[in-house]
Amino acid sequence: MNMYEKKGYLNTDFKFFHLIDTALREFNYHYHEFDKIIIFLSGNVNYMIEGKSYMLEPRDILLVNRNDIHKPKIDFSIPYERIVIYISPNFMEKYHTTSYDLATCFHRAKKEHSNVIRIHPAKRQKLLNLIDNLKKTLTETAFASDLSAKLLFLEFMIHLNRAILDHQIETISTTVYDKKIIEILQYINANLFETIHADNLSQKFFISKYHMMRKFKEETGYSIHQYITNKRLLCSRDLIQQDIPITKVCFDCGFKDYSTFSRAFKAIFKTTPREYKKSRQ
């Protein structure tokens, strides 16, 4: 089975990168166990996230939720420059209260199925200034520089969420997607643990089975079966972390028998469910 690759690692609250790619490099579809923010600075990039394709413009901000399957398509005749920030979900959870939630921007992206935002220039400059200060602080060895960096990052997240909640963002008109495929993706994710077959989907959405399968692969880069299996496995991993019995996780996530679940889990995470649970403990 062709599984998607987990990219990157994170053992801190957040991780900051300023990257410039000039040499030809192929990106495959992949996912992360953490949330990711990309601030696009320059290049010619078409970013694909969960069936949608975005032609990026300088200073666009991408919000990629953990477990979102995505990849960029890059024209390497122009340098691809961006700021990338990995964010631990556990870190974000610390700043979730009855008054505010710093992960609001990611929740909004998932709810509205739109991963790219363009912030109005006045608000955008404030965010870019914070990013510049954060980059500088992360290279310093002054007293409490790590704390200073953390405070700058939190301030960035506050202003980013305020811009979204205050509707200080521009509508993106360059999103390209197949409406029928997006409807199918939304249905799959809403019914992920139910029995889902290509025949049922083609009947429900009034589309030829083989045309649907071809378009799904064309628009997303993976088959319907691969997509469903990977999403179920990603959910199962999260449930195991919550100390739910593994057998219950197996059946709750739509797998019919444990051996099939265990083999698929090991194929994508390189460890069995029981080994994974033991390592988390």
Side-chain angles (χ1 to χ4, degrees), residues 3-21 25-43 45 47-50 54 56 59-74 80-96 101-110 114-117 119 127-140 145-161 163-164 230-231 233-235 237-238 241 268-270 276 279-280:
M3 295 296 185
Y4 308 110
E5 185 179 1
K6 179 180 73 174
K7 290 276 191 180
Y9 63 91
L10 183 63
N11 53 14
T12 58
D13 290 336
F14 68 93
K15 217 170 188 181
F16 181 100
F17 307 89
H18 184 179
L19 304 174
I20 304 176
D21 285 344
R25 179 184 174 193
E26 183 66 26
F27 287 85
N28 296 321
Y29 280 103
H30 61 279
Y31 69 93
H32 304 284
E33 294 181 335
F34 42 79
D35 298 318
K36 179 170 73 168
I37 293 176
I38 301 173
I39 302 174
F40 177 65
L41 299 177
S42 67
V45 178
Y47 218 98
M48 304 173 71
I49 307 175
E50 292 285 336
Y54 303 90
L56 301 183
R59 297 177 181 81
D60 278 352
I61 298 178
L62 288 82
L63 301 167
V64 184
N65 280 275
R66 66 191 302 251
N67 298 339
D68 277 356
I69 297 170
H70 60 283
K71 78 168 185 176
K73 285 187 175 180
I74 306 163
Y80 172 33
E81 183 177 6
R82 71 275 190 203
I83 299 293
V84 180
I85 306 174
Y86 295 166
I87 312 169
S88 166
N90 293 333
F91 176 65
M92 297 292 277
E93 187 61 29
K94 295 176 185 176
Y95 299 94
H96 178 192
D101 181 1
L102 286 191
T104 294
C105 53
F106 290 102
H107 301 326
R108 184 72 63 91
K110 183 175 286 290
S114 180
N115 297 84
V116 179
I117 57 175
I119 298 177
L127 290 169
L128 294 176
N129 290 341
L130 286 167
I131 287 296
D132 286 341
N133 290 336
L134 175 57
K135 179 182 175 182
K136 179 182 177 182
T137 302
L138 286 168
T139 63
E140 293 177 344
S145 57
D146 55 341
L147 176 59
S148 180
K150 180 178 178 179
L151 293 173
L152 283 167
F153 173 67
L154 290 173
E155 187 176 359
F156 170 81
M157 291 302 299
I158 289 169
H159 283 280
L160 176 61
N161 281 290
I164 294 171
N230 275 265
K231 286 291 185 175
L233 289 169
L234 291 168
C235 288
R237 180 202 57 195
D238 292 345
Q241 291 178 10
I268 191 171
F269 299 122
K270 312 306 179 189
Y276 180 75
S279 70
R280 300 297 297 184

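With rounding to the nearest 0.5 angstrom, the CG atom of Asp238 is 8.5 Å from the CD atom of Glu33. Interatomic distance, CZ of Phe14 versus CD1 of Ile87, reported as 9.0 Å (0.5 Å rounding). Going from atom OH of Tyr47 over to atom CD1 of Ile74 covers 8.0 Å, rounded to the nearest 0.5 Å. Put simply, CD1 on Ile268 and CG on Leu233 are 5.5 Å apart, with the number rounded to the nearest 0.5 Å. Between Ile39 atom CD1 and Leu160 atom CG the span is 8.5 Å, to the nearest 0.5 Å. Atom CG of residue Leu56 and atom OG of residue Ser42 lie 11.0 Å apart, to the nearest 0.5 angstrom.
Taking 4.0 Å as the cut-off between side-chain N and carboxylate O, Glu50 and Lys231 count as a salt-bridged pair. A salt bridge does not link Asp68 with Lys36: every distance from a Lys NZ or Arg NE/NH1/NH2 to an Asp or Glu carboxylate oxygen is 4.0 Å or more.
Heavy-atom minimum distance, Leu102 versus Met157: O-CE, 3.4 Å. Contact detail for Ala149 and Thr137: the closest heavy-atom pair is N-CG2, 3.7 Å. Here the shortest heavy-atom pairing between His18 and Ile83 reads CG-CD1, 3.6 Å.
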Inset, instruction - Using the side chain to side chain contact (heavy atoms under 4.5 Å, CB included) rule, take Leu62 and Ile49 through it: C-alpha gap first, then chi angles, then the decisive distance, then the call. - result: CA-CA 10 Å; Leu62 288 82; Ile49 307 175; 4.3 Å; yes

Inset, instruction - Please test Ile20 against Tyr80 for side chain to side chain contact (heavy atoms under 4.5 Å, CB included), starting from the C-alpha separation and ending with a verdict. - result: CA-CA 5 Å; Ile20 304 176; Tyr80 172 33; over 6 Å; no

Inset, instruction - Kindly determine whether Leu63 and Val116 satisfy side chain to side chain contact (heavy atoms under 4.5 Å, CB included), including the steps that lead there. - result: CA-CA 6 Å; Leu63 301 167; Val116 179; over 6 Å; no

Legend entry - Candidate pair Asp101 and Tyr95, rule side chain to side chain contact (heavy atoms under 4.5 Å, CB included), full reasoning: CA-CA 6 Å; Asp101 181 1; Tyr95 299 94; over 6 Å; no

Legend entry - Criterion ring pair (Phe, Tyr, Trp, His ring centres under 6.0 Å) on Phe17 and Tyr86, from CA distance to verdict: CA-CA 9 Å; Phe17 307 89; Tyr86 295 166; 5.0 Å; yes

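By the 4.5 Å heavy-atom criterion applied to side chains, Asp60 and Ile117 are not counted as neighbours. Counting heavy atoms from C-beta on, the side chains of Ile37 and Phe156 come closer than 4.5 Å. The shortest side-chain heavy-atom distance between Val45 and Lys73 does not fall under the 4.5 Å cut-off. Gln241 has its side chain within reach of Tyr276: a pair of non-hydrogen atoms, C-beta onward, lies under 4.5 Å apart. Looking only at side-chain heavy atoms (C-beta outward), Ile164 and Ile119 stay at 4.5 Å or farther from each other. Between Ile131 and Leu127, every side-chain heavy-atom pair lies at or beyond the 4.5 Å cut-off.
Inspection of the Asn67 and Arg237 side chains reveals an N or O donor paired with an N or O acceptor under 3.5 Å. Under the 3.5 Å distance criterion, with hydrogens and angles disregarded, a donor-acceptor pair is assigned to the side chains of Asn115 and Tyr54.
Remark: Lys150 pairs with no residue by the salt bridge (Lys or Arg N to Asp or Glu O under 4.0 Å) rule, at least two apart or across chains.
Using a distance-only test at 3.5 Å, with no hydrogens or angles considered, a donor-acceptor pair links the side chain of Asn65 to the main chain of Phe106. The backbone N or O of His70 lies less than 3.5 Å from a partner atom in the side chain of His30, making a donor-acceptor pair. Counting only distance, with no hydrogens or angles, the side chain of Asn161 and the backbone of Cys105 share a donor-acceptor pair below 3.5 Å.
The aromatic rings of Phe34 and His32 lie parallel to each other, with less than 30° between the two planes, well short of the 60° mark.
The stretch residues 81-92 participates, sequence neighbours left out, in these salt bridge (charged side-chain N to carboxylate O under 4.0 Å, His left out) pairs: Asp21-Arg82.
Within a 6.0 Å radius of CZ in Arg66, other residues, nucleotides and ligands contribute more than 12 heavy atoms.
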